[in-house]
Amino acid sequence: MIRTSLAALAALALPASLAAQSTTQEQLDARYDRALAAGYKALFLCSALANAQRNGVERAPESVEAWELTGIYPRIDAIIGDLDYSILPDAAGRVALVEVEWAEDMPPRFAEASHDQGCRLAPIGLEAPTPEMRVPPRPGEEQASADATRRGAGLTIPIVAVETGERTPKAPPSALDKVIGRAFTPDYGDGARTTAVVLRHGDSGDGVIGQGRYAPGFGMDTPQRTWSVAKSIAATLIGAAVQRGDAQVTDGLAFDQWRWDARRTITIDNFLRMASGRYSDTPGNRTDPLYMGGALVAESATGWPLLHEPGSVFRYANNDTLMAVKAIEDTFDTYDPADLFSDIGMTGTVAETDWGTDYILSSQVWATADDLAKLGQLYLDDGVTQSGKRLLPENWREYVSTPSGPQPDGELGYGAGWWLMNKSEGIPPDTFAAMGNRGQYVVVVPSREVVIVRRGEDPVGTRFDIIAFTRDMLAAME
């Protein structure tokens, strides 16, 4: 009888214990989300402002709050506007550090600017460096004004008028002008927010006809985060290594932690085609610890186990691109992303790193719309720069735009670091594109000698119809 009563009491007590554990987990999750939101805000304010300053552009923090910091992941969207932040300048008045308060018992999350490599996000809990620990001012630079502290204001975007900036004196056809203008309306996606459209048409050099249109507050020299367009930049960087003879796409990754298991058989080609066979915890592999938590590439991207034979299954994953870049990182002593951008003429582009030295080339590149058009032009010109240098192998365009690996479902195919528009009515089957979160697109149509760039800050859940827009642009150009 006593044993039965004790067992009954234990059974009654168990749900209460589990409920207590559940409440504790909810509190931990809420605290972690707040830390992630603070990291996201610190990094975006730092990168948007510092990278614009690098290009000679001054953006107001309120603009970043209104565009980059609204319509983001639902998990942190409701938190981010309530977080106080401080922007600390260097002696020249440039952004040096952005701090965001998130917990009374923890240091602020912070991102630090270098102005050569954008900003990098510190891990949760790290104390920000004191002013004397930061980069010293250049000789003759004056002391900047006092630190400024702001609070998120929950700003909203009004319906925008379109500013135009023709790249040549020649006016485009009226039909084309109308299609470009429609990109700044809800025609291609209810709620979509276009910031820039750039068109390049023709051979490189004097034969290029170009036009750019921008939303108010954005222009030719305003950089935005590329998000996953950076994956196509990573594929281009690897192509340059292949051209120099420093790598082959059939190479595996000589990563020390993998020397005893089958992951050593994964090739650069597998990584570029999103076919490593490794596990990723979420579709698309969000990598929040890296993007918002300040984790390192080496600790967040390398440890995932193998579930499928390499090359057999398509699963889009940030970690695959990160590992493809890691496979050629030994070459960065002689040729790094900054060298690539210089060769292409992408003078307004910066590749950012984690808190260590690893580039986050799955997402964290800041580039102007014009620079992304130059990236597309490089592929139109079959890997030869406008200065005449062969940067990519002769067959690299064909390589990245060939669906030789396992394919995703849906209207889009996948090559090697680039998406394929090879199934869409009204679009030439040789069309391929770089695509990124929040509406970043670089569409390359070799048979029409056309590059179309569309930049946006679309709210999460809103999709700009790039297939329809491309179809209409090409039809208008006829």
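Environment of CD in E309: sparse, with no more than 12 heavy atoms of neighbouring residues, nucleotides or ligands closer than 6.0 Å. Applying the 6.0 Å contact sphere to CG of D409 captures no more than 12 heavy atoms from other residues, nucleotides or ligands. Annotation for R463: atom CZ does not count as buried by contact number, only 12 or fewer foreign heavy atoms lying within 6.0 Å. When the shell of 6.0 Å around CG of D261 is examined, it contains more than 12 heavy atoms from other residues, nucleotides or ligands.
Side-chain N or O atoms of D371 include one that pairs as donor or acceptor with a backbone N or O of T349 at under 3.5 Å. Remark: side-chain polar atoms of N270 are paired, donor with acceptor, to backbone N or O of T267 under 3.5 angstrom. Side-chain atoms of T357 never come within 3.5 Å of backbone atoms of T353 as a donor-acceptor pair (strictly under, hydrogens ignored). Listed for the R120 side chain is no donor-acceptor partner under 3.5 Å among the backbone atoms of A113.
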Under the criterion side chain to side chain donor-acceptor pair (under 3.5 Å), I'd like the reasoning laid out for Y359 against Q117: C-alpha separation, chi angles, the key distance, then a yes or no.
CA-CA 10 Å; Y359 291 98; Q117 290 186 309; 3.0 Å; yes
Residue pair Y291, S362: steps toward the side chain to side chain donor-acceptor pair (under 3.5 Å) verdict:
CA-CA 10 Å; Y291 287 2; S362 57; 2.6 Å; yes
Could you please spell out the steps behind the side-chain contact (heavy atoms from CB on, under 4.5 Å) verdict for F341 and T347?
CA-CA 7 Å; F341 302 146; T347 57; over 6 Å; no
For side chain to side chain donor-acceptor pair (under 3.5 Å), just list the numbers for Q224 and T195, CA-CA rounded to whole Å, side-chain angles, deciding distance to a tenth of an Å, and then say yes or no.
CA-CA 9 Å; Q224 291 177 256; T195 57; 2.7 Å; yes
Using the side-chain contact (heavy atoms from CB on, under 4.5 Å) rule, take V460 and T462 through it: C-alpha gap first, then chi angles, then the decisive distance, then the call.
CA-CA 6 Å; V460 171; T462 300; over 6 Å; no
Test side-chain contact (heavy atoms from CB on, under 4.5 Å) on F110 and L126 and set out the steps.
CA-CA 8 Å; F110 73 93; L126 188 66; 4.0 Å; yes
Please report the C-alpha distance between N51 and E352 in whole Å, then the side-chain angles of each, then the deciding distance to 0.1 Å, and finally whether the side-chain contact (heavy atoms from CB on, under 4.5 Å) criterion is met.
CA-CA 10 Å; N51 290 327; E352 296 182 330; 3.3 Å; yes
Stepwise, does the ring pair (Phe, Tyr, Trp, His ring centres under 6.0 Å) test hold for Y379 with W418?
CA-CA 12 Å; Y379 281 88; W418 290 75; 4.8 Å; yes
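When side chains are defined from C-beta on, D343 counts as touching Y335, because their heavy atoms get closer than 4.5 Å. Contact of the V451 side chain with the V442 side chain is registered, since non-hydrogen atoms from C-beta on lie closer than 4.5 Å.
The existence of a salt bridge linking R193 and E457 is excluded, since no basic side-chain nitrogen approaches an acidic carboxylate oxygen closer than 4.0 Å. Checked for salt-bridge contact, D288 and R75 meet the test: a charged N lies under 4.0 Å from a carboxylate O. Salt bridge status for D221 with R54: absent, with no side-chain N to carboxylate O gap under 4.0 Å. By the 4.0 Å N-to-carboxylate-O rule, E101 lies too far from K41 to be salt-bridged with it.
Figure legend: cation-pi geometry between R454 and F469 absent, as NZ or CZ is not positioned both under 6.0 Å from the six-membered ring centre and within 45° of its axis. In this structure, R34 forms no cation-pi arrangement with W102, as its terminal cationic atom is not both closer than 6.0 Å to the ring centre and no more than 45° off the ring axis. Judged by a 6.0 Å distance limit and a 45° cone about the ring axis, R455 is not positioned over the six-membered ring of F218. In this structure, R286 forms a cation-pi arrangement with Y73, its terminal cationic atom sitting closer than 6.0 Å to the ring centre and no more than 45° off the ring axis. Geometrically, R273 engages Y399 in a cation-pi contact defined by less than 6.0 Å to the ring centre and at most 45° from the axis.
For the residue pair D246 and T331, no side-chain donor N or O sits within less than 3.5 Å of a side-chain acceptor on the partner. Side-chain atoms of R225 and S363 form a donor-acceptor pair, as typed in the model, at a separation below 3.5 Å.
Using the six-membered ring where Trp is involved, F464 and Y441 have ring planes that are tilted, between 30° and 60° apart.
E99 and P108 make their closest contact through CB-CB, 4.0 Å (heavy atoms, listed as atom of the first residue, atom of the second, distance).
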